[in-house]
Amino acid sequence: MATRIIDGKATADDVRVEVATAVAAFTHSTGTTPGLATILVGDDPASEVYVRNKRRAASAAGIADLHVHLPGDAAQDEVIRVVDKLAADPAVSGILVQLPLPDGLDAAAIIDRIPWQKDVDGLTTTSAGLLARDQIGLRPCTPSGVLTLLDAHEIPLAGAEVVVVGRSELVGRPLAQLMLHRHSTVTTVHSRTRNSSDVMRRADILVVAAGIPGLIGREHVKKGATVIDVGIHRVGGRLRGDVRFDELLGHASHLTPVPGGVGPMTIAELLRNTLRAAEIQRA
Ligand code: NAD
């Protein structure tokens with residue numbers, strides 16, 4: 001079987017172009033520009049790179065870059081004051097607090113200050129509830145990116161056996177819910193699942209977000225299944241995923257590489273969420 005490699009960069013580029021066009025139309029018709037406020041607390045080098053990439057992508061899409069950098073010793077109430085100010089500012093469509101926050105800050109309490117209409121990471125308790133109820137709201141970016149990749153490759157979700165490996169609030173859990181709303185038969189595998197290989201081998205679509213490099217190989221995958229690898233790890237100076245990519249060539253029908261698979265989709269979906277947030281606030 002020839003395995004089709006899913007090119008996440010190409011799909012992400014398509015989304016970025018689509019969002020940039022829609023942002024230009026929004027700006028033209030409303031006289032206001034969607035704005036993304038990123039909040040970085042401290043000087044963690046990896047977080048600085050992630051935030052820089054998000055800001056650049058926003059600017060390239062015509063979204064106003066409204067960045068706030070706070071010192072690493074900022075107090076909880078200081079961070080909350082900044083979030084509240086941005087929440088009340090009509091120029092700010094979306095608010096993103098870069099995680100992880102320095103030790104001593106209560107990330108959940110800070111995130112929950114973001115109004116759901118501006119929650120472009122989809123991580124507040126309210127956004128989680130709106131997702132659970134399948135109501136209008138903003139969905140977490142990486143799970144949305146997985147769905148966009150599957151749709152772009154015309155991989156049917158309705159009725160499909162989907163197995164999601166991992167149940168984090170950021171990826172696994174919201175992804176399982178999104179798939180359920182798309183009428184898949186969804187099973188979540190996690191660290192305490194019994195006979196997890198048997199469960200994974202049932203999947204027509206296997207999405208892996210366990211955060212363990214090389215966890216998944218040919219023995220976990222039904223022949224002809226689609227495999228989406230969310231994991232990202234730096235191993236020996238190279239990026240790799242949770243899936244042993246080479247083992248699945250000729251075995252999976254579709255497969256995402258790392259890098260160049262799910263990774264580029266996350267920022268593209270952040271841009272889409274920022275535009276949606278601006279639209280929700282105008283409605
Ligand atoms: P996490 O550590 O919060 O969650 C991992 C989940 O995997 C947990 O629910 C745990 O129960 C489960 N798990 C652990 N060991 C397992 C096992 N042996 N079998 C089955 N399940 C197991 O991680 P996360 O935030 O969900 O991220 C997962 C991976 O995805 C990481 O490598 C992370 O870097 C990557 N990630 C990538 C992007 C992206 O943009 N591509 C975004 C977010 C996360």
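Just so you know, residue 1 is the first one in the sequence shown, and it goes up from there. Both ligands and their constituent atoms are indexed starting at 1 by order of listing.
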Min over Ser168, Ser196, Gly231 of heavy-atom distance to atom 4 (O) of ligand 1 lands on Ser168

Worksheet entry | Joint cluster assignment, Val243 & Leu239, ILVMFWY side-chain distance < 4.5 Å | no

Counting from 1 in the order shown, the ligand 1 atoms closer than 4.0 Å to a non-hydrogen atom of His190 are 11 (O), 20 (C), 21 (N), 22 (C)

Atom 8 (C) of ligand 1 has as its nearest protein heavy atom Arg167 N, 4.0 Å

- prompt: Does Lys9 pair with Asp13 as a salt bridge, N-O distance under 4.0 Å?
  reply: yes

Quiz item: So, does Asp112 use its side chain to make a donor-acceptor pair with the main chain of Thr124 at under 3.5 Å?
Solution: no

Exercise for the section: Check whether Val262 and Ile205 end up in the same hydrophobic cluster, where Ile, Leu, Val, Met, Phe, Trp and Tyr are linked by side-chain heavy atoms less than 4.5 Å apart. Expected result: yes

Atom 34 (O) of ligand 1 has as its nearest protein heavy atom Ile232 O, 3.5 Å

Rounded to the nearest 0.5 Å, the CD atom of Glu78 sits from the CG atom of Leu105 at a distance of 9.5 Å

Please output the side-chain donor-acceptor pairs of residues 146-160 that fall under 3.5 Å, not counting sequence neighbours, one pair per line with the distance.
residue	atom	partner	partner atom	Å
Thr148	OG1	Ser144	O	3.0
Thr148	OG1	Glu269	OE2	2.6
Thr148	OG1	Arg272	NH2	3.2
Asp151	OD1	Arg182	NH2	2.9
Asp151	OD2	Arg182	NH1	3.1
His153	ND1	Leu149	O	2.8

> Would Ala209 count as a contact of ligand 1 if the rule is a heavy atom under 4.0 Å away?
Replying inline: yes

Any heavy atom of Thr193 under 4.0 Å from ligand 1? The part involved is neither

Quick note on ligand 1: atoms under 4.0 Å from a heavy atom of Gly166 include exactly 6 (C), 7 (O), 9 (O), 12 (C)

Closest to atom 31 (C) of ligand 1 among protein heavy atoms sits Gly211 CA, 3.6 Å

Out of Ile212, Leu270, Val165, Thr266, the nearest non-hydrogen contact to atom 15 (N) of ligand 1 is supplied by Ile212

- Query: When clusters are formed by joining ILVMFWY residues with side-chain heavy atoms under 4.5 Å apart, either directly or through shared neighbours, do Ile212 and Val171 land in the same one?
  - Reply: no

for atom 42 (C) of ligand 1, nearest protein heavy atom and its distance come out as Thr142 OG1, 3.3 Å

Note: ligand 1 atoms sitting under 4.0 Å from heavy atoms of Gly263 are 41 (N)

**OP:** Indicate yes or no: does an N/O atom of Leu215 lie under 3.5 Å from an N/O atom of ligand 1?
**Re:** no

For Val171, the atoms of ligand 1 under 4.0 Å from one of its heavy atoms are 26 (O), 43 (C), 44 (C)

Margin query: Are Leu40 and Val79 connected into the same hydrophobic cluster when the rule is that any two of I, L, V, M, F, W, Y join if their side-chain heavy atoms are below 4.5 Å apart?
Written below: no

If you group Ile, Leu, Val, Met, Phe, Trp and Tyr by side-chain heavy-atom gaps below 4.5 Å, do Leu248 and Phe245 land in one group? yes

Only distances under 3.5 Å count here; give the side-chain donor-acceptor pairs of residues 60-67 to other protein atoms, sequence neighbours excluded, each with its distance to 0.1 Å.
residue	atom	partner	partner atom	Å
Asp65	OD1	Arg55	NE	3.0
Asp65	OD2	Arg55	NE	3.1
Asp65	OD2	Arg55	NH2	3.1
His67	ND1	Thr38	O	3.2
His67	ND1	Thr38	OG1	2.8

So for Leu170 against ligand 1, with non-hydrogen atoms under 4.0 Å, the contacting part is side chain

Note: heavy atom closest to atom 5 (C) of ligand 1, options Ala210, Pro264, Pro174, Ser197, belongs to Ala210

Mark yes or no for whether Asn195, through its side chain, and Asp198, through its backbone, hold a donor-acceptor pair below 3.5 Å. no

If you scan protein heavy atoms around atom 22 (C) of ligand 1, the nearest is Ser191 N, 3.6 Å

Ligand 1 atoms nearer than 4.0 angstrom to some heavy atom of His233 are 32 (O)

Checking heavy atoms under 4.0 Å, the part of Val230 that sits near ligand 1 is both

inquiry  = Apply side-chain hydrogen bond (donor to acceptor under 3.5 Å, both in side chains) to residues Thr274 and Ser93 and explain how you reach the verdict.
reply    = CA-CA 6 Å; Thr274 307; Ser93 315; over 6 Å; no

| said: Does the protein place a non-hydrogen atom closer than 4.0 angstrom to atom 26 (O) of ligand 1? | reply: yes

The answer for which part of Glu169 has a heavy atom under 4.0 Å from ligand 1 is neither

